J.: 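Got a structure for you, written out below as structure tokens; questions coming shortly.
By convention here, the first residue in the shown sequence is residue 1. Computed from a prediction, not measured in an experiment: that's the story for all the values here.
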Amino acid sequence: MRNDFTFCVAGRGSIGTRHIRNLKALSCGNIISFSELSNPQKDEEYKVKYGVETFCGIDEIKRRKPDAFIIANPTAKHVEYALIASGMGSHIFMEKPISDSMDGIDRLKDEVFNGRLVFFMANNFRFHPIFRKIKELIEEERFGRILFARIQAGQYLPDWHPWEDYRKGYSASKELGGGVVLTLQHEIDYAYWLFGRFKSIKSHVQKISDMDIDVEDIAAVIVETEKGSIVEIHLDYLQRPAKRTIQIQGTKGSLDYRMGDRYLKFYHFENQAEETILDIDGYDNNEMYIEEMKYFIKCISGEENTISGITDGVYVLDSCLKIKNGFKI
């Protein structure tokens, strides 16, 4: 795997900083940071702690000729920054979701395809061993025909980053592209990744709590896939303790998994027995972020073809927007 690329990281929140740490761990030393606004304290922290220089002017970034942009700023800014990257001929690693609207999406797709750029949506759950194993079971038809699945993700928003004021984060702001549907897009992405395209979507989405936010904090979604499975997706900013689960019921077997559990177990209908099919004792969640970054580097090296490209990103965004609007098809 090549490690001589220059990466420009746009966005200096927790996820942008994580990507810098991981690039450093992968010995990718050519890293710069791009920020619209100067923050001397943050600039100094990045320089001293990570050896990363921050630039506020796009001309200086152009002079550095980054091979790739890591876009980790608020959702509402994603397409704007992606177009800056594509205009430079830089490959794009983008945090989910691709945007909070369809504005500028067609132009971005054209620039990515015409420039033959790698565009990678950072859906890190696709690199988690539990979800990879579930994907493998589905492809091996171990479930038989999948009848239904239940997916949920819930966590009390102020608990996410207790050292920060939750009201100031992008997740709580309509202007910045927040709301539970786009912020917890992982569940919608992996529902599509595991079970296929959606034939119909029905949803009930609203703000139900007393939190000081201007976006939805709960979403109840029912999807019928093109293969005829029913998938229920529940998302919220409300649950304490946090909970993330997936249940799958097929004609030959089933599973019920809660994130954080050590074992993934599969129940066989034929012999009415449960089998432990994966043990993730000692697994560090940062490993999935490392794996997705390694995969992206292989993609821009020409060693791999992206499994989570702009077409997937646009499809999932379109589905999210239909869910947010309570859209029925």
Side-chain angles (χ1 to χ4, degrees), residues 7-11 15 34 36 58 61-62 65-124 126 170 173-179 181-193 196-201 203 205 215-216 219 221 223 225-226 292 295-296 299-300 302 304-329:
F7 295 89
C8 178
V9 180
I15 190 63
F34 178 40
E36 289 182 345
I58 196 63
I61 298 295
K62 288 179 178 178
K65 297 181 179 178
D67 297 289
F69 262 67
I70 311 294
I71 298 177
N73 55 352
T75 300
K77 290 279 191 178
H78 280 187
V79 169
E80 176 187 341
Y81 275 54
L83 288 169
I84 290 172
S86 62
M88 295 182 192
S90 299
H91 302 295
I92 298 166
F93 176 110
M94 181 183 283
E95 275 301 318
K96 59 78 190 167
I98 195 169
S99 185
D100 61 340
S101 76
M102 299 301 286
D103 294 345
I105 293 293
D106 286 341
R107 179 185 167 194
L108 179 58
K109 286 173 65 176
D110 288 344
E111 293 202 9
V112 167
F113 290 132
N114 293 338
R116 297 186 177 182
L117 302 176
V118 171
F119 184 101
F120 180 81
M121 287 301 306
N123 290 304
N124 49 281
R126 296 193 185 198
Y170 82 90
S173 168
K174 181 178 181 180
E175 181 182 3
L176 296 178
V181 174
L182 290 173
T183 304
L184 297 181
Q185 183 212 279
H186 287 300
E187 275 60 31
I188 297 159
D189 174 75
Y190 79 67
Y192 158 61
W193 182 55
R197 293 177 67 88
F198 305 155
K199 180 180 178 182
S200 69
I201 299 171
S203 64
V205 180
V215 290
E216 80 280 354
V221 186
V223 168
T225 72
E226 290 184 350
E292 71 173 356
Y295 192 86
F296 176 66
C299 287
I300 64 178
E304 295 281 2
N305 294 317
T306 180
I307 61 168
S308 183
I310 193 166
T311 301
D312 275 4
V314 172
Y315 181 81
V316 174
L317 172 63
D318 182 62
S319 300
C320 286
L321 295 177
K322 288 172 179 173
I323 290 168
K324 277 179 73 76
N325 293 328
F327 193 91
K328 298 176 179 61
I329 58 174

J.: Looking at every heavy atom in both A122 and H186, which two are closest together, and how far apart are they?
T.: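 Taking every non-hydrogen atom into account, O-CE1, 4.2 Å.
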J.: When rounded to the nearest 0.5 angstrom, what is the spacing between NZ in K322 and OG in S200?
T.: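 Going from NZ on K322 over to OG on S200, the span is 11.0 Å.
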J.: For F119, give me all partners under ring-ring contact (aromatic ring centres under 6.0 Å, His included), at least two apart in sequence or on another chain.
T.: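 ring-ring contact (aromatic ring centres under 6.0 Å, His included) list for F119, sorted by chain: empty.
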J.: Taking side chain to side chain contact (heavy atoms under 4.5 Å, CB included) as the criterion, tell me which of V314, I98, D312, I307 meets it with M121.
T.: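 With M121 as partner, V314, I98, D312, I307 yield a single side chain to side chain contact (heavy atoms under 4.5 Å, CB included), made by I98.
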J.: With sequence neighbours left out, what residues match I300 under side-chain contact (heavy atoms from CB on, under 4.5 Å)?
T.: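 Testing I300 for side-chain contact (heavy atoms from CB on, under 4.5 Å), a comparison that skips the adjacent residues, returns F5, F7, A68, H91, V118, F296.
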J.: What residues form a side chain to side chain donor-acceptor pair (under 3.5 Å) with E292, not counting sequence neighbours?
T.: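 Listed in chain order: nothing, the list is empty.
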J.: Within the structure provided, determine whether Y170 and L182 are in side-chain contact (heavy-atom separation under 4.5 Å).
T.: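 Y170 vs L182: side chains apart.
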J.: Roughly how far, to the nearest 0.5 Å, is the CZ atom of F93 from the OG1 atom of T306?
T.: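 If we round to the nearest 0.5 Å, T306:OG1 and F93:CZ are 10.0 Å apart.
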J.: Please round to the nearest 0.5 Å and tell me the distance separating atom NE2 of H78 and atom CG of D100.
T.: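 The CG atom of D100 is 9.5 Å from NE2 of H78, to the nearest 0.5 Å.
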J.: Quick one: list whatever passes side-chain contact (heavy atoms from CB on, under 4.5 Å) with K65, sequence neighbours left out.
T.: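 Result, side-chain contact (heavy atoms from CB on, under 4.5 Å) vs K65: none returned.
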J.: Take atom CG in N305; do more than 12 heavy atoms of anything else shown fall under 6.0 Å from it?
T.: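 No, because the 6.0 Å sphere around CG of N305 holds 12 heavy atoms or fewer from other groups.
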J.: For E304, check salt bridge (Lys or Arg N to Asp or Glu O under 4.0 Å) against everything at least two apart and list the hits.
T.: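 Checked E304 against salt bridge (Lys or Arg N to Asp or Glu O under 4.0 Å); zero matches.
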J.: Please name all residues satisfying side chain to side chain donor-acceptor pair (under 3.5 Å) with Y295, sequence neighbours left out, ordered by chain then number.
T.: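 For Y295 there are no side chain to side chain donor-acceptor pair (under 3.5 Å) partners, ignoring immediate neighbours.
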J.: Could you tell me which residues satisfy side chain to side chain donor-acceptor pair (under 3.5 Å) with R107, sequence neighbours excluded, listed by chain and number?
T.: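 If we apply the side chain to side chain donor-acceptor pair (under 3.5 Å) test to R107, skipping adjacent residues, the hits are E111.
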J.: I'd like to check K199 versus T225 (side-chain heavy atoms, cut-off strictly below 4.5 Å). Are they in contact?
T.: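 No, their side chains stay 4.5 Å or more apart.
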J.: Please enumerate all residues that pass salt bridge (Lys or Arg N to Asp or Glu O under 4.0 Å) together with E175, with sequence neighbours excluded.
T.: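 By the salt bridge (Lys or Arg N to Asp or Glu O under 4.0 Å) rule, E175 matches no residue at all.
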J.: What residues form a side-chain contact (heavy atoms from CB on, under 4.5 Å) with A82, not counting sequence neighbours?
T.: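 Here the qualifying residues are I71, I92, M94, L108.
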J.: What is the minimum heavy-atom distance between I61 and C8, and which atoms define it?
T.: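 Nearest heavy atoms, I61 then C8: CD1-SG, 3.9 Å.
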J.: Are S99 and L317 close enough that some pair of their side-chain heavy atoms sits under 4.5 Å apart?
T.: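 Touching, per the 4.5 Å side-chain cut-off.
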J.: Taking E216 for its side chain and V181 for its backbone only, find out whether a donor-acceptor pair lies under 3.5 Å.
T.: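 Yes, the answer is positive, given that a donor and an acceptor are paired below the 3.5 Å cut-off.
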J.: Roughly how far, to the nearest 0.5 Å, is CG of D110 from CD1 of I105?
T.: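 CG of D110 is found 11.5 Å from CD1 of I105.
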J.: Under the rule for side chain to side chain donor-acceptor pair (under 3.5 Å), what residues qualify as partners of N123, not counting sequence neighbours?
T.: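 Listed in chain order: Q185, D189, S308.
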J.: With sequence neighbours left out, write down each residue that passes ring-ring contact (aromatic ring centres under 6.0 Å, His included) with Y190, or none if nothing qualifies.
T.: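 Here the qualifying residues are F131.
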J.: Find the distance between CG (N73) and CD (E80) and round it off to the nearest 0.5 Å.
T.: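 It comes to 8.0 Å.
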J.: Side chain to side chain contact (heavy atoms under 4.5 Å, CB included) with V221: which of I188, I201, V205?
T.: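 Among I188, I201, V205, the one meeting side chain to side chain contact (heavy atoms under 4.5 Å, CB included) with V221 is I201.
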J.: With side chain to side chain contact (heavy atoms under 4.5 Å, CB included) as the criterion, how do K96 and N124 come out once you've worked through the C-alpha distance, each side chain's angles and the decisive distance to 0.1 Å?
T.: CA-CA 9 Å; K96 59 78 190 167; N124 49 281; 5.8 Å; no
J.: Distance-only, no hydrogens or angles: does the S90 side chain make a donor-acceptor pair with backbone N or O of S86 under 3.5 Å?
T.: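 Checking the backbone N and O of S86 against the side chain of S90, no donor-acceptor pair under 3.5 Å is found.
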J.: Using the side-chain contact (heavy atoms from CB on, under 4.5 Å) criterion, which residues pair with Y315? Sequence neighbours excluded.
T.: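 Testing Y315 for side-chain contact (heavy atoms from CB on, under 4.5 Å), a comparison that skips the adjacent residues, returns Y192, R197, F198, S319.
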